Amino acid sequence: TSSFNSVCCIGAGYVGGPTMAMIALKCPHIEVTVVDLNQQRIDAWNSDNLPIYEPGLDEVVKACRGKNLFFSTDCEAAIRAAQCIFVSVNTPTKKTGLGKGKAADLTYWESAARNIAAWSTSDKIIVEKSTVPVRTAEAIEKVLLRNCPQEGVHFDILSNPEFLAEGTAIDDLTMPDRVLIGGKIENDRGTAACAALCEVYANWVPKERILTANLWSAELSKLTANAMLAQRISSINAISALCECTGADVSQVSFAIGKDSRIGPKFLNASVGFGGSCFQKDILNLAYICECHGLQEVADYWYSVVGMNDYQKTRFVRRVVSAMFNTIRNKKIAMLGFAFKKDTGDTRETPAIDVAHGMIEDGAKIALFDPQVPEEQVRMDMGEEAMKSITCYSKPTEALKDAHAVTIMTEWDEFKTYDWRAIYEVMHKPAFVFDGRNILDHAHLSEIGFIVYALGKPIDPFLKSAEGA
Ligand code: NAD
Ligand code: UDX
């Protein structure tokens, strides 16, 4: 049999860490080593303070670390020892050069591949875990074949994109909707490599959920899944704008259309905009690939999903400013939440960054509270100049005291449990709530006396008159 008992993963990030911990947990017979260039990150994985916040992750890591799960910076040793190497390095959007602002930057991927080629002395199965442009496997194979000094070493490349979402990574990994494995299923070696990886997942994933496909389909499925998911959000966000003009309520619309089994109820929450490291990057990448193939209309279709997301963020800021009599200069505005979604400390591409910049441009003083995001992270995301207008608080009550308005940026559950009556008492009047996630009880807030703006909901008469509508 082609099954293996030694696995290595290059890249100990949001994907590499949790996915490998799950494999270690479910496959005690497999030794799993996760390597990274970043010493600090590896030290954190080896400590009681893991580098990422993810519900349930601590327990899984504790159960396996030091037994069959190891974190190390010794990439060379780990590559040599492994029969199967997952590559889970970051693939961000290119910042400069050809395709800048759109194409995926494969620098990290290529350097990982060159290391694999240089250090491998036996056959390896190479698994693309990172999200990559369609046909990346072809490029990677060339790098591997042309750079391996060792005669007779064979590499089989598989695509095994990861579909976990942050905040629910452990549940998603425990019971995935599907596991997708792409390989060269047209030949025996490719089929055997696919089968070996299927066998790993079959230790806990029901067989009917493990799908195989050709390499290019697997690669493209990942970009397509993210583009379609983001498209749903942009679609409902577009409708939220129309709701505000017409008196329709976007939650009622989402509920009603979600009952159609062809549409389904999930991923229809209007929001201040989608964030996260994946959606925007992957859509831009997909659209860029279309452009490269001369499919401008297809590219434009997908770019518009990102355009709608930008519009939603801008629209939110405009609403805040216009509702507060067209000036927020020197007004303390509490911002609750900075992470791109609840149950994570991740702030990559969070809509809060754009909203904060927008409000600062209009002179606001932002009082920020997020249960998981440390001030240092906010500083890195916002920059020194913007930080002159931002104060980070470790207690929500301090952020809310003497504020003119509250903006909800992340749907953290704890925000729902706050004593909003007491908050109202310590705020300036009129006290505004701008709910960018539609998580609060708006009727209750209005009853207390708040002026409430909720995305895609009928507009408060006070706001209408303030905005001169
Ligand atoms: P990340 O930035 O958290 O982690 C990547 C890690 O790779 C970093 O720690 C970096 O130091 C390390 N690295 C880079 N080059 C290296 C090299 N040559 N050798 C060793 N280590 C190296 O990224 P992430 O969020 O885990 O995402 C990884 C990939 O998975 C991306 O392609 C992303 O699109 C995809 N993905 C992410 C998610 C998500 O929710 N974050 C979900 C599905 C897929
Ligand atoms: C996403 C994909 O869901 C996952 O399958 C893929 O592997 C990585 O990218 P992630 O970005 O971690 O996962 O979180 P997700 O739950 O998809 O949320 C992305 C953004 O969309 C968040 O900012 C979230 O708040 C927002 N969102 C989500 C909405 O605004 N409305 C919704 O209905 C759902």
Side-chain angles (χ1 to χ4, degrees), residues 8-20 34-42 44-45 51-52 54 71-76 78-79 85-93 104-116 128-133 136 160-169 172-173 176-177 222-223 225-230 232-237 240 250 254 258 265-283 285 309 312 337 339-344 346-352 409-411 436-439 455:
C8 148
C9 175
I10 303 179
Y14 286 88
V15 170
T19 51
M20 291 305 122
V34 191
V35 294
D36 204 293
L37 301 171
N38 184 333
Q39 181 74 52
Q40 220 182 334
R41 224 169 195 190
I42 290 299
W45 279 111
I52 63 179
E54 189 65 64
F71 296 93
S72 157
T73 49
D74 191 346
C75 298
E76 181 169 350
I79 287 172
I85 302 173
F86 288 81
V87 182
S88 183
V89 299
N90 38 331
T91 50
T93 305
D105 181 351
L106 294 178
T107 311
Y108 305 104
W109 225 117
E110 188 176 328
S111 105
R114 284 179 190 275
N115 287 341
I116 294 172
E128 286 179 351
K129 196 44 131 174
S130 302
T131 303
V132 291
T136 295
N160 172 219
E162 184 49 58
F163 295 100
L164 70 78
E166 287 174 30
T168 54
D172 295 344
L173 289 167
D177 285 349
K222 176 63 197 179
L223 291 180
N226 274 353
M228 296 280 282
L229 288 167
R232 264 172 91 92
I233 303 171
S234 277
S235 294
I236 202 67
N237 281 346
S240 78
V250 75
S254 289
K266 294 180 184 167
F267 252 70
L268 287 176
N269 293 325
S271 67
V272 60
F274 59 74
S277 65
C278 291
F279 282 174
Q280 174 164 317
K281 149 178 100 68
D282 292 346
I283 293 174
N285 178 5
N309 198 48
Q312 188 75 345
F340 82 97
K341 63 184 285 195
K342 74 170 178 179
D343 294 337
T344 178
D346 194 353
T347 61
R348 292 178 291 179
E349 304 294 336
T350 176
M409 287 294 108
T410 312
E411 71 281 21
R437 295 289 182 169
N438 285 350
I439 52 162
L455 272 170

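Counting convention: from 1, in listed order, for ligands and their atoms alike. Computed from a predicted structure; not experimentally measured. Residue numbers count from 1 along this sequence.
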Does [X] use its side chain to pair, donor to acceptor, with the backbone of [Y] at less than 3.5 Å?
X: Ser240; Y: Val250; answer: no
X: Arg232; Y: Lys266; answer: yes
X: Thr73; Y: Leu37; answer: no
X: Asn309; Y: Gly273; answer: no
X: Asn438; Y: Leu455; answer: yes

Which of the listed options, [options], holds the heavy atom that is closest to [atom]?
atom: atom 13 (N) of ligand 1; options: Thr91, Val89, Leu106, Asn285; answer: Val89
atom: atom 35 (C) of ligand 1; options: Leu223, Asp172, Thr131; answer: Thr131
atom: atom 21 (N) of ligand 1; options: Leu37, Asn226, Thr107, Ile52; answer: Leu37
atom: atom 29 (C) of ligand 2; options: Leu268, Asn438, Ile233, Thr410; answer: Ile233

Quick check: do [X] and [Y] have side-chain heavy atoms less than 4.5 Å from each other?
X: Ser277; Y: Tyr14; value: no
X: Ile10; Y: Val89; value: yes
X: Thr168; Y: Asp343; value: no
X: Asp346; Y: Ile52; value: no
X: Glu162; Y: Leu173; value: yes
X: Lys129; Y: Thr19; value: yes
X: Phe340; Y: Glu349; value: no
X: Glu166; Y: Lys342; value: no

[atom]: which protein heavy atom is closest, and how many Å away?
atom: atom 2 (O) of ligand 1; answer: Asn90 CB, 3.6 Å
atom: atom 20 (C) of ligand 2; answer: Gly275 O, 3.5 Å
atom: atom 17 (O) of ligand 2; answer: Phe267 CZ, 3.1 Å
atom: atom 19 (C) of ligand 2; answer: Phe279 CE1, 3.5 Å
atom: atom 6 (C) of ligand 2; answer: Lys222 NZ, 3.2 Å
atom: atom 12 (O) of ligand 2; answer: Glu166 N, 2.8 Å
atom: atom 23 (O) of ligand 1; answer: Arg348 NH1, 3.7 Å
atom: atom 7 (O) of ligand 1; answer: Gly11 CA, 3.4 Å
atom: atom 33 (O) of ligand 2; answer: Asn269 N, 2.9 Å
atom: atom 1 (P) of ligand 1; answer: Arg41 NH1, 3.6 Å
atom: atom 24 (P) of ligand 1; answer: Tyr14 N, 3.9 Å
atom: atom 12 (C) of ligand 1; answer: Asp36 OD2, 3.2 Å
atom: atom 11 (O) of ligand 2; answer: Phe340 CE1, 3.4 Å
atom: atom 14 (O) of ligand 2; answer: Lys341 NZ, 3.3 Å
atom: atom 43 (C) of ligand 1; answer: Glu162 O, 3.1 Å

Checklist entry - Taking N or O atoms only and a 3.5 Å limit, does Ala165 qualify as a polar contact for ligand 2? => result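 In this structure, Ala165 places no N or O atom under 3.5 Å from an N or O of ligand 2.
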Next on the checklist: Polar contacts were defined as any N/O atom of the residue lying under 3.5 Å from an N/O atom of the ligand; does this apply to Phe163 and ligand 2?
Outcome noted: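 So ligand 2 has an N or O lying under 3.5 Å from an N or O of Phe163.
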Tell me the contacting part of [X] for ligand 1: side chain, backbone, both, or neither, using a 4.0 Å heavy-atom threshold, strictly below.
X: Ser130; result: both
X: Ala169; result: neither
X: Ile10; result: side chain

[X] to ligand 1: N or O pair under 3.5 Å?
X: Lys281; answer: yes
X: Val15; answer: yes
X: Asn38; answer: no
X: Ser111; answer: yes
X: Asp282; answer: no

Next on the checklist: Which residue is it: Thr91, Leu229, Thr131? I am looking for the one with a side-chain contact (heavy atoms from CB on, under 4.5 Å) to Asp282.
Outcome noted: Thr131
Next on the checklist: Go through it in stages, so that I can follow the logic: the residues are Ser271 and Ile233, the test is side-chain contact (heavy atoms from CB on, under 4.5 Å), and I'd like the CA-CA distance, side-chain angles, deciding distance and then a yes or no.
Outcome noted: CA-CA 8 Å; Ser271 67; Ile233 303 171; 4.1 Å; yes
Per-atom contacts of ligand 1 with [X], taking only distances under 4.0 Å to non-hydrogen atoms:
X: Ser88; answer: 5 (C), 28 (C)
X: Lys222; answer: 43 (C)
X: Glu166; answer: 39 (C), 40 (O), 41 (N)
X: Ser277; answer: 41 (N)

Item to check | Distance (rounded to the nearest 0.5 Å) between Leu106 CG and Ser111 OG | outcome: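 Leu106 atom CG to Ser111 atom OG measures 11.0 Å (nearest 0.5 Å).
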I need the atoms of ligand 2 closer than 4.0 Å to a non-hydrogen atom of [X], numbered in the order shown.
X: Ser271; value: 29 (C), 30 (O)
X: Cys278; value: 8 (C), 9 (O)
X: Leu164; value: 4 (C), 5 (O), 6 (C), 7 (O), 8 (C)

Item to check | Tyr108, OH: over 12 other non-hydrogen atoms inside 6.0 angstrom | outcome: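 Incorrect, the count does not exceed 12.
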Checklist entry - How are the rings of Trp45 and Phe71 set relative to one another: parallel (under 30°), tilted (30 to 60°) or perpendicular (over 60°)? => result parallel
Checklist entry - Does the pair Asn115 and Glu76 meet the rule for a side-chain contact (heavy atoms from CB on, under 4.5 Å), with working shown? => result CA-CA 8 Å; Asn115 287 341; Glu76 181 169 350; over 6 Å; no
Next on the checklist: Assess, by modelled atom type and distance only, whether the side chains of Gln312 and Ser234 contain a donor and an acceptor separated by less than 3.5 Å.
Outcome noted: no
Checklist entry - Measuring from the heavy atoms of Arg437, does anything fall under 4.0 Å of ligand 2? => result yes
Next on the checklist: Assess the residue pair Thr107 and Asp105 against the criterion (side-chain hydrogen bond (donor to acceptor under 3.5 Å, both in side chains)); give the C-alpha distance rounded to whole Å, side-chain angles, the decisive distance to 0.1 Å, and a yes or no.
Outcome noted: CA-CA 6 Å; Thr107 311; Asp105 181 351; 2.3 Å; yes
